[in-house]
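Residues take their numbers from the sequence shown, with the count starting at 1.
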Amino acid sequence: ICTVVGVSVLTSLLASEKNGFCREEVGSVVFYAGYAVVLSLTLVAAFSVIGQAKEALLSVRDQAAVLFPLLLALLTASGATASAAAYQAAGAFLSTGILSLFSSVAFPLLSAMVLLSVFGHLSESIKTAHLFSLVKSVAKWLVMTTVAVYSLFLGMQGITAASHDGVSYKLLKYAVG
């Protein structure tokens with residue numbers, strides 16, 4: 001941030017200086033050169049953050065793939081066999097599928113939004129506002145739909161597994177005791 005602020009201040013000082021050696025044309029060239037430097041620094045930082053977020057998401061996906069069988073084994077060992085059976089196939093598929101969807105679709109949409117915003121503000125003749133709105137809307141609907149489907153799935157799966165475990169527990173208690 002300090003580099004961006006420093007370049008911006010230096011560019012403003014040089015571009016506003018209109019005497020002697022610095023005419024109007026040189027001032028505008030200095031302004032656009034400074035703008036390009038600030039823009040490139042900002043884009044590098046933005047894409048670095050997007051890349052780190054994507055790496056973190058892929059790391060979570062890999063950790064979930066390792067821990068999911070262990071959690072199912074613990075559920076089965078604790079007597080929640082219906083819960084383990086309900087979570088087994090569909091839960092693993094949906095969890096890894098959602099994480100893969102976000103890493104392969106949502107993050108590229110985010111990168112496209114950054115680029116469209118930058119190109120839209122470069123010049124008055126480049127108009128990307130409608131395309132930016134479309135990409136933003138698609139990304140928003142993707143996230144909202146994915147979260148809604150996943151929440152509905154987990155809720156229904158929990159209700160179903162809990163009712164099966166409750167019935168099997170009462171049946172076992174009646175048979176034993």
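- Note on Leu110 and Leu142: separate hydrophobic clusters, where clusters join Ile, Leu, Val, Met, Phe, Trp and Tyr whose side-chain heavy atoms are under 4.5 Å apart, directly or indirectly.
- Put simply, CG on Leu43 and OG on Ser117 are 9.5 Å apart, with the number rounded to the nearest 0.5 Å.
- Rounding to the nearest 0.5 angstrom, the gap separating the CG atom in Leu99 from the OG atom in Ser59 is 10.5 Å.
- Atom CZ of Phe107 sits about 11.0 Å away from atom CG of Leu101, to the nearest 0.5 Å.
- Between the side chain of Ser103 and the backbone N or O of Leu58 there is no donor-acceptor pair closer than 3.5 Å.
- Linking Ile, Leu, Val, Met, Phe, Trp and Tyr residues whenever their side-chain heavy atoms come within less than 4.5 Å places Met113 and Leu134 in a single cluster.
- Looking at Thr145, its side chain does come within 3.5 Å of a backbone N or O of Trp141 through a donor-acceptor pair.
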Could you go through the side-chain contact (heavy atoms from CB on, under 4.5 Å) check for Phe102 and Leu109 one step at a time? CA-CA 10 Å; Phe102 273 104; Leu109 284 175; over 6 Å; no

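- In the hydrophobic clustering of ILVMFWY residues, with side-chain heavy atoms under 4.5 Å counting as a link, Leu131 and Phe119 come out apart.
- Within the 4.5 Å cutoff, side-chain heavy atoms of Leu115 are placed close to those of Phe47.
- Atoms OG1 and CD1, from Thr146 and Ile98 in turn, are 6.0 Å apart once rounded to the nearest 0.5 Å.
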Might you work through the side-chain hydrogen bond (donor to acceptor under 3.5 Å, both in side chains) test for Arg61 and Ser100, ending with a clear yes or no? CA-CA 8 Å; Arg61 184 189 68 188; Ser100 296; 3.1 Å; yes

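- By the rule that hydrophobic residues join a cluster once side-chain heavy atoms approach within less than 4.5 Å of another member, Val114 and Leu39 end up as members of one cluster.
- Both Tyr150 and Leu57 are assigned to one and the same hydrophobic cluster, defined by single-linkage of ILVMFWY side chains at heavy-atom distances under 4.5 Å.
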